Every structure is written in structure tokens, then in C-alpha cells.
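Chain identifiers are assigned alphabetically (A, B, ...) following the order of the sequence lines, protein sequences preceding nucleic acid strands; residue numbering begins at 1 within each chain. As a basis for the values below, the full set of heavy atoms in this structure was taken, side chains included, without hydrogen atoms, waters or symmetry mates. Values in this document were obtained by computation on a predicted structure and should not be read as measured data.
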Amino acid sequence: MTVRVQAEDFDVGAALDGLTAGRSDIGGVASFVGLVRDMAPPDRLIAMTLEHYPGMTEAELSRLEAEARARWPLSDCLIIHRHGRLTPGERIVLVATASAHRTAALEACAFLIDWLKTQAPFWKLEETEAAGRRWVDAKASDDEAAARWQG
Amino acid sequence: MTVRVQAEDFDVGAALDGLTAGRSDIGGVASFVGLVRDMAPPDRLIAMTLEHYPGMTEAELSRLEAEARARWPLSDCLIIHRHGRLTPGERIVLVATASAHRTAALEACAFLIDWLKTQAPFWKLEETEAAGRRWVDAKASDDEAAARWQG
Amino acid sequence: MRVLYFAWLRERVGLAEEEVDLPPSVTSVGELIAWLRGRGDNYAAAFARPEVVRAAVNQVHAKHDRPIAPGDEIALFPPVTGG
Amino acid sequence: MRVLYFAWLRERVGLAEEEVDLPPSVTSVGELIAWLRGRGDNYAAAFARPEVVRAAVNQVHAKHDRPIAPGDEIALFPPVTGG
């Protein structure tokens, strides 16, 4: 059970290996890596800066992880989220879930990334060639994705 | 667009990096790694041997990948499936999907692993301490998981 | 009471955080926002649309009707965009 | 016609593959399975429950009513368990 909030990049292979090392009770590991995506010209993205709320970010990600563990039988779980200034193609976030059963791993992974988008206290400032600097609005589609896990 | 059927292990980190290297149009990479899972005593698993149908396996995995690409806007897609004798904790399969949008990547990844279980021509022979050698039966739950993607 | 601002709320207020002494009439997150609006043009610009402002009390998401008390850490921010 | 067997069907038949000359009356996967059953005790044991046997014709999944023709590659196997 691990939550990391950091400026540095992370090694996806090493992170996933860490979930299963020395264990033989895990049937599947699901993961999602979110990346900084460029936009179509003329609105090319120069960089994206992620501001966050130190202290609350770690607390909120830990709460999300506890919620996933309460809902699905997970062997292990990992969330790494970066902050600071990132350029297109860079990794932002890793969510990984390990379980004896593939459905639990897949569903918990989707749940965590959907909820993280609407619950973790991050804000994105885009710098684009055409429009300069601009705070990214929250998306209604993210609220809908998170809402489907309520019930 | 890659399908690999092989006896050797694979490097998950390198495989995932290969999907995004040199690109900045990808917003998310979803992946699933299936592993050989041990069983509870006294039915400890010694090894699992995966038999497959050379030729058809590659063809069927390519058909599944084409189906996923027809259903979701994927930037790239990768399936690696091992055959031969594997011991508990070893990797069996990797499915990875890259897309501009996280929902497409997550759904296509779940679709591919669900369908692969019921469509790819593999058969599993378990060797256990208590029961000796035994062919693994197909699971009704796998048929149900695959069926939810139909229609 | 400690109040923190994030993202464009921080930029408009011009502060990342401050200590405020509240009148006894201010007892909820929503009342705090209304009170802050009256503190100057920068606050008026930041809180022009209170309905888009989100809050956390002691690092837990909170609605506008959430009671607040001296010693609480209150954070005010736009809707989050993590991941 | 080339016929391939996999998993416990291969073990019970005792062959991984063979060439067979079919009588003209055998024109579908299901008829092939019924015809194979009569070829000896090993085949009878392998195909005792035809309803659990799955098939592929020329490396594509096929049902029992699928027509077959000389030159086809027919594979017979238990339900698959990939992943």
C-alpha cells in the first residue's frame, strides 16, 4: 500500500515489479499511466504545470486507495503522482493494482484513476503557443466517469 | 500494432515504453499482466504448462487486436503471450493499449484480456502436489466476462 | 484561522495563504467566502462566482455549509483536475 | 485432410496430428467428430462427449455445423483457457 507524490519521473517497470516481487498469490496486475498530451496546431502545448496541495494530496490519495481496497480484494496497490512543470510526452501519474483475480485488478485500477481525477487536489496550468497560459477546467466527462462508481 | 507469442519472459517496462517512445499524442497507457498464481495448500502448484496452436494463436490475437482498434480510438496496442512450462509468480501475458483518451485505453485493455481468455487457442496443464497433472477447465465466469462486450 | 488558496484563486487573491481573524458571525465555509469577497478588489475578483469555489477543511473535501472553527485549516480552490 | 488435436484430446487420441481420408458422407465438423469416434477405443474415449469439443477450420474458430472440404486444416480441442 503505497502513495507517492513527487516532482521526479518514475520507472513503471520497476514499480510494477515491486508489486509482485517474491509473491506467487497474484493472478494479475492492472495499471494505468497518464501522460502529458500535446494538442493539435495551432494550440501546441509547451508545458503543463501541476500545482497541488501538499499534505492533503497524500491524505486524499490514501483515502482513495483505502476505498479501492474496501471494494475489491487487492493484494497490493500503488499510486504515484507527479507535480511541477512537465512537457508533452512526460508521465504524470501511475495507478497499479494487484489481485488474485483479474476483474478485481482491472476494475480497481479504473476506479482509482476515475476518482483521482475528481478528488485529488491537483490543478493544471497549460502553456500553449497560441493562447499563452491557461488553467485547465475540470471536465464534466470526468465527473460522469467518477459518478458511475457511486452506488 | 504488435502480437508476440513466445516462450521467453518479457520486460514490461520496456514494452510499455515502446508504445509511447517519441510520441506526444498519447494521454494514457492501460495494461494488464497475467501471472501464474499458486493455490492454497494442500493443492500447491508446481508448474503450469501452456500448450497453444502455432499459427492460429498469432492469427487469433491479431483478429482480437483489430477488433479492439475498430471499437476504440487506439494509438497503439500490444499483446505478448507466453507458452511452455511456467512456475508460480511467472508472467504469462501482457496486454497494453495506448490512446489519446484514458477511457478508450482502459476499456480496450479489459476487452482484450477478457476476449483473449475465451478466444486465444491456449490450454493449461497444471501440476500440483496433491492432484498431480490436470488440464484446467474453461471457466463460465470467463465466458460471462467476454459476453459483456458483445452487442 | 489559516486560509489557503490554490490555482487561479491564489493568483487572483495574490496570496498562497494567510491568517484571518473572523467575526463571530462567520461559521461556515460559505460564510467565509462571502466575508472574503468584501475584503478588496482582488478578493472580489477571486470570489465573483462563489458556486465554482471548492473547499477543504483540515485537508478533507467540504461543502459550503460545512461549519468552521478557530484552528481549522481552510483551503479554497477551483474544481480539481488531477491525473 | 489434416486433423490436429490439442490438450487432453491430443493425449486421448495419442496423436498431435494426422492425415485422414474421409468418406464422401462426412461434410461438416460434427460429422468428422462422429466419424472419428468409430475409429478405435482411443478416439471413442477422446470424443465421448462431442458437445465439449471445440473446432477451428483453417485456423478460425468454427461451429459443428461448419462445412469442411479436402485441403482444409481442421483442429479439434477442449474449450480454450488463455491469458
Problem set entry | Pairing of A:Arg102 and B:Asp142 as salt bridge, 4.0 angstrom limit | yes

Problem set entry | Residues A:Glu58 and A:Arg4 bridged, charged N to O under 4.0 Å | no

Exercise. Among A:Pro88, A:Ala15, A:Ser31, who wins on heavy-atom pairs under 4.5 Å with chain B?
Worked result: A:Ser31

For this session: Please lay out, stage by stage, how A:Arg134 and A:Glu126 fare under the test salt bridge (charged side-chain N to carboxylate O under 4.0 Å, His left out).
Result: CA-CA 5 Å; A:Arg134 175 176 64 191; A:Glu126 287 177 351; 2.8 Å; yes

Seminar exercise, completed: The interface call for B:Asp11 against chain A, heavy-atom contacts under 4.5 Å, is neither

Exercise. Between B:Ala96, B:Ala98, B:Gly22, B:Ala100, which has the largest tally of heavy atom pairs under 4.5 Å with chain A?
Worked result: B:Ala100

Seminar exercise, completed: Under 4.5 Å to a heavy atom of chain A? For B:Val93 that would be neither

Seminar exercise, completed: Counting heavy-atom pairs under 4.5 angstrom with chain B, the leader among A:Gly28, A:Gly89, A:Gly13 is A:Gly28

Exercise. Who among A:Leu45, A:Val29, A:Thr20, A:Asp38 has the most heavy-atom pairs with chain B under 4.5 Å?
Worked result: A:Val29

For this session: Measure B:Leu106 against the heavy atoms of chain A and call it side chain, backbone, both or neither at under 4.5 Å.
Result: side chain

Exercise. Under a 4.5 Å heavy-atom cutoff, which of B:Arg91, B:Arg37, B:Lys117, B:Glu107 has the most pairs with chain A?
Worked result: B:Arg37

Problem set entry | Sidechain N-carboxylate O distance under 4.0 Å for B:Glu144, B:Lys139 | no

For this session: Evaluate the criterion salt bridge (charged side-chain N to carboxylate O under 4.0 Å, His left out) for residue pair B:Arg148 and B:Asp114; output intermediate values, then yes/no.
Result: CA-CA 9 Å; B:Arg148 75 192 168 102; B:Asp114 282 347; 3.0 Å; yes

Exercise. Quick one: what part of A:Leu16 sits under 4.5 Å from any heavy atom of chain B, side chain, backbone, both or neither?
Worked result: side chain

Problem set entry | Verdict with supporting geometry, B:Asp76 and B:Arg69, salt bridge (charged side-chain N to carboxylate O under 4.0 Å, His left out) | CA-CA 9 Å; B:Asp76 207 347; B:Arg69 285 173 169 273; 3.4 Å; yes

For this session: Go through B:His81 and B:Phe122 one step at a time and tell me if the ring pair (Phe, Tyr, Trp, His ring centres under 6.0 Å) criterion holds.
Result: CA-CA 10 Å; B:His81 205 306; B:Phe122 286 91; 3.6 Å; yes

